[in-house]
Colleague: 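Next up is a structure, given as structure tokens.
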2 protein chains.
Amino acid sequence: MDWSIQEISKLAGTTSRTLRHYGDVGLLEPSRIGSNGYRYYDDGALVRLQRILLLRELGLGLPAINEALRHNSDSPGALRSHLQWLRQEEDRLARQIASVEETITRLEGGEQLMAENMFKGFDHTQHKDEVEERWGKDAYATSDRWWRSKSGAENEACQVEISQLSADWSTAAASGGTADSELAQSLARRQFDWLSGMPGLPASGGKLSKEYFVGLGEMYVADDRFGANYGGKADAEFVRDAMAVYAEKHL
Amino acid sequence: MDWSIQEISKLAGTTSRTLRHYGDVGLLEPSRIGSNGYRYYDDGALVRLQRILLLRELGLGLPAINEALRHNSDSPGALRSHLQWLRQEEDRLARQIASVEETITRLEGGEQLMAENMFKGFDHTQHKDEVEERWGKDAYATSDRWWRSKSGAENEACQVEISQLSADWSTAAASGGTADSELAQSLARRQFDWLSGMPGLPASGGKLSKEYFVGLGEMYVADDRFGANYGGKADAEFVRDAMAVYAEKHL
DNA sequence: GCTAAACCTTGACGTAGCGTCAATGTCAAG
DNA sequence: CTTGACATTGACGCTACGTCAAGGTTTAGC
């Protein structure tokens with residue numbers, strides 16, 4: 001007892017195109033091929049097809065399905081790892097939804113579509129490649145995880161803090177003071193303190209590493225994103241210099 | 001002040017390939033193109049690029065981003081509809097996760113990776129919404145549990161039985177007999193007996209409810225899935241009529 | 001002035017899983 | 001014999017780029 005390609009496709013609730021595709025990728029071959037080239041499927045193929053479709057509905061990819069069926073159709077191994085992936089996706093989606101909601105809220109509050117960008121460049125996570133090269137992959141990953149793990153409220157508080165700091169730097173730079181002025185140094189200390197609150201950053205003697213702190217200042221100048229969010233390169237240089245002075249004095 | 005393609009890609013934390021792609025699809029054109037064909041981007045382009053990347057991280061597609069930026073970069077309209085889609089995805093994922101977990105549990109219980117599809121359309125559980133509306137949630141849930149609770153062997157036996165019944169219906173419909181022919185009526189009785197074996201179905205006087213039996217026949221016609229598994233709408237009508245005749249005579 | 005390194009260009013394939021023509025051959029019914 | 005339904009292979013399309021490939025440009029060092 002066998003069926004034509006269209007018959008079996010209807011039996012299983014799919015399309016003939018799908019069956020041809022499964023044949024092409026070696027997932028389900030016809031049990032017989034007529035002299036005219038027609039594909040015919042028997043009930044063994046039907047059972048396999050139904051298993052394939054079941055697994056597909058569960059979200060597995062075709063290669064994974066092939067593996068699962070080839071290895072042992074009744075062992076939950078493939079499903080377990082697939083479940084992990086699904087949970088990760090769920091997490092990712094949840095975070096993305098939270099981000100979108102937050103962004104909408106901020107837009108409604110009259111803020112610009114720049115919010116995180118102001119923050120960008122202030123910590124090292126935006127200089128991924130360079131930071132990985134200089135301080136190792138963990139520094140980036142840890143800090144990034146930390147940032148992403150913050151709740152909406154915490155996140156917002158962070159944003160406010162960094163926005164304030166950012167605005168104060170701008171003001172100070174515009175006021176024409178020097179990098180070793182009291183104002184600039186107090187800002188450098190706030191910046192240091194803020195960075196100290198982030199985990200995974202290079203430290204020495206329990207404090208944020210001097211090398212890292214100075215290097216970050218250099219990045220601000222080298223990487224124009226920072227300057228782009230402020231008054232330009234001059235401001236970035238001002239910040240860098242103030243940080244360098246602070247580092248020499250206190251680190 | 002403008003940057004080369006690689007400079008701006010690093011500034012924004014992306015790649016030159018991405019920038020070329022954005023140029024190709026008209027999402028972000030270079031602000032200037034040198035006589036040698038080199039692309040150059042100014043700070044206006046940088047701002048736009050950063051907005052693009054922000055929206056992209058939120059999961060919007062490139063066309064949607066283009067719309068959002070062209071229409072009004074600070075209106076949350078696009079984000080709202082995107083949020084809806086994200087929530088749907090979240091729902092879908094949650095359901096998929098539940099299904100996978102259930103499947104794993106059943107596999108651990110020694111059950112087979114069964115084809116529920118052969119069975120599709122023949123009982124009411126495939127018409128979930130409608131059956132819940134007409135006969136209450138219990139009818140669906142009970143029957144579904146019953147089905148799922150069957151062991152692999154039982155399940156397979158069931159499959160064979162229902163496949164046979166299904167095939168016989170097809171033959172009878174194709175043979176051109178009437179709904180009140182002996183053949184059709186014997187099939188209706190087999191169908192009735194089979195359904196009688198399922199728990200949770202509406203009954204009256206110890207027998208399967210006439211109303212339910214007739215209604216199920218109507219569903220076969222109304223819901224194209226049934227016809228799709230057979231010879232089309234005509235066959236479904238044949239089955240429905242035979243069932244109705246049987247119900248009048250015996251219920 | 002030459003050369004190698006580094007950076008630029010366009011072009012095209014690959015990805016996941018089919019949907020959707022297109023051009024053409026085959027089969028069952030009237 | 002014709003018509004219509006169904007079959008075949010082939011190839012493009014879709015998302016958002018990654019990844020060569022082949023070849024031109026600029027820059028830095030000798």
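Naming convention: chains lettered A, B, ... in sequence-line order (proteins, then strands); numbering from 1 in each chain.
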Colleague: Check whether any side-chain nitrogen or oxygen of A:Arg20 sits under 4.0 Å from OP1 or OP2 of D:dT9, and answer yes or no.
Modeller: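 The answer is no; no side-chain N or O of A:Arg20 sits under 4.0 Å from OP1 or OP2.
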Colleague: Do the side-chain N or O atoms of A:Gln6 get closer than 4.0 angstrom to the phosphate oxygens (OP1, OP2) of D:dA5?
Modeller: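 For A:Gln6, the contact criterion (side-chain N or O under 4.0 Å from OP1 or OP2 of D:dA5) is not met.
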Colleague: Heavy atoms under 4.0 Å, any strand shown: does B:Ser4 hit a base, just sugar-phosphate, or nothing?
Modeller: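 Here B:Ser4 touches the backbone only, sparing every base.
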Colleague: In plain terms, say whether B:Glu90 and B:Arg87 are close enough for a salt bridge, that is, a side-chain N and a carboxylate O under 4.0 Å apart.
Modeller: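 Answer for the salt bridge query: no.
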Colleague: Could you tell me whether B:Thr15 contacts a base, only the sugar-phosphate backbone, or nothing, with contacts defined as non-hydrogen atoms closer than 4.0 Å?
Modeller: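 Sugar-phosphate: the residue B:Thr15, judged by heavy atoms under 4.0 Å, touches backbone atoms but no base.
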Colleague: Taking atom types as modelled, find out whether B:Thr178 and B:Ser181 have a side-chain donor-acceptor pair closer than 3.5 angstrom.
Modeller: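 B:Ser181 and B:Thr178 do not have a side-chain donor-acceptor pair below 3.5 Å.
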Colleague: Supply the atom-to-atom distance A:Glu89 CD to A:His82 NE2, rounded to the nearest 0.5 angstrom.
Modeller: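 A:Glu89 CD to A:His82 NE2: 10.0 Å, rounded to 0.5 Å.
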Colleague: Hey, can you pull the residues of residues 27-42 of chain B with a non-hydrogen atom under 4.0 angstrom from DNA chain C?
Modeller: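 When residues 27-42 of chain B is checked for heavy atoms under 4.0 Å from DNA chain C, the hits, listed by number, are B:Gly37, B:Tyr38, B:Arg39.
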Colleague: Is there side-chain contact between A:Ile8 and A:Asp2, with at least one heavy-atom pair below 4.5 Å?
Modeller: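 The answer is no, as the side chains (C-beta and beyond) never meet within the 4.5 Å cut-off.
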Colleague: Check the distance between D:dG24's P and B:Ile5's CD1 and give it to me in whole angstrom.
Modeller: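 These atoms are roughly 20 Å apart.
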Colleague: Please report the closest heavy-atom contact between B:Leu19 and B:Ser9, naming both atoms and the distance.
Modeller: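 Of all heavy-atom pairs spanning B:Leu19 and B:Ser9, the closest is CD1-CB, 3.6 Å.
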Colleague: Can you check whether A:Arg95's main-chain N or O pairs, donor with acceptor, with A:Ser99's side chain at less than 3.5 Å?
Modeller: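 It does hold such a pair.
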Colleague: Atom CG of A:Leu55 and atom CD of A:Gln50: how far apart are they, to the nearest 0.5 Å?
Modeller: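 A:Leu55 atom CG to A:Gln50 atom CD measures 12.0 Å (nearest 0.5 Å).
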Colleague: Got a list of protein N/O to nucleotides 11-16 of chain D N/O distances below 3.5 Å?
Modeller:
| unit_1 | atom_1 | unit_2 | atom_2 | d |
| --- | --- | --- | --- | --- |
| D:dA16 | OP1 | B:Leu62 | N | 3.2 |

Colleague: Taking atom P of C:dA6 as reference, at what distance in whole Å does atom CD of B:Glu7 sit?
Modeller: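 Rounded to the whole Å, the gap is 16 Å.
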Colleague: For the backbone of B:Ile5 and the side chain of B:Ser16, can you confirm whether one donor and one acceptor N or O come within less than 3.5 Å of each other?
Modeller: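 Looks like no, no N/O pair under 3.5 Å.
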Colleague: Report yes if some heavy atom in the side chain of B:Tyr22 is under 4.5 Å from a heavy atom in the side chain of B:Thr14; otherwise report no.
Modeller: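 The answer is no; the side chains never approach within 4.5 Å.
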Colleague: How long is the line joining CG of B:Leu19 and P of D:dG18, in whole Å?
Modeller: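 After rounding, the reported distance stands at 10 Å.
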Colleague: Expressed as a whole number of angstroms, how long is the span from B:Asp24:CG to C:dC13:P?
Modeller: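 B:Asp24 atom CG is separated from C:dC13 atom P by 15 Å.
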